[in-house]
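Data block below; observations after.
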Amino acid sequence: MKQSIYDIKVKDIQGNEHDMSQYQGKVLLIVNTASACGFTPQYKELEALYQSYKDQGLMVLGFPCNQFGAQEKGDEEAIQSFCELNFGVSFPLFSKIEVNGDNASELFELLKQSAPGLLGSKSIKWNFTKFLVSADGNKIFRFAPKTKPSSLADEIEALL
């Protein structure tokens, strides 16, 4: 496993590779998302947070995942279209990933290791688990799927 979140490469929703280092110095809200989940309306609140704080240094990063209830069946083009049309999503979306198991994304492996869940659990239990990362990448906080994005405003402001 890499030492820093900034050493990891990810693919955007168009399949282009990016270094996470491009987000160094920004507060990151990283979320595993799905289009057909009971929590899918959180896209609206994630976009509102992004619009409210992007000029101060917040980046919201959405990582579609089909590991929970097969709630992200579409391909990348369908996912992007759904998010833009239904929720006006303008924050970066990435290629579909796995967050648990042998094929889990390196990014989510690091996030899970850095911020375990309830009772020290490393695995992600459902869609819309949120990780808030400080601008220096050293502090990582984990929030449950049921935690509304809007309720994270104070935590985000404290890190900006």
Would you call the rings of F68 and W126 parallel, tilted or perpendicular, where under 30° means parallel and over 60° means perpendicular?
-> tilted
Classify the side-chain pair Q51/E47 by whether it contains a donor and acceptor separated by less than 3.5 Å.
-> yes
Have E77 and Q14 got a donor and an acceptor in their side chains that come within less than 3.5 Å?
-> no
Any side-chain donor-acceptor pair under 3.5 Å between S123 and K125?
-> yes
Nearest atoms (heavy-atom pairs only) where V60 meets L46 = CG2-O, 3.9 Å
Taking the side chain as every heavy atom from C-beta outward, state whether T33 and F39 have any pair of such atoms under 4.5 Å apart.
-> no
Distance (rounded to the nearest 0.5 Å) between S35 OG and K73 NZ | 11.5 Å
Are F141 and F131 close enough that their ring centers fall under 6.0 Å?
-> no
Sorted by chain and number, sequence neighbours left out, ring pair (Phe, Tyr, Trp, His ring centres under 6.0 Å) with F128 holds for Y43
Decide whether E84 and Q80 meet the rule of one side-chain donor and one side-chain acceptor closer than 3.5 Å.
-> yes
Hey, are Y6 and Q22 close enough side-chain-wise for a donor-acceptor pair under 3.5 Å?
-> no
Around atom NZ of K122, are there more than 12 heavy atoms of other residues, nucleotides or ligands at under 6.0 Å?
-> yes
Pair Q71-N127, side-chain donor/acceptor within less than 3.5 Å = yes
Would you call C83 and L93 a side-chain contact if the rule is heavy atoms closer than 4.5 Å?
-> yes
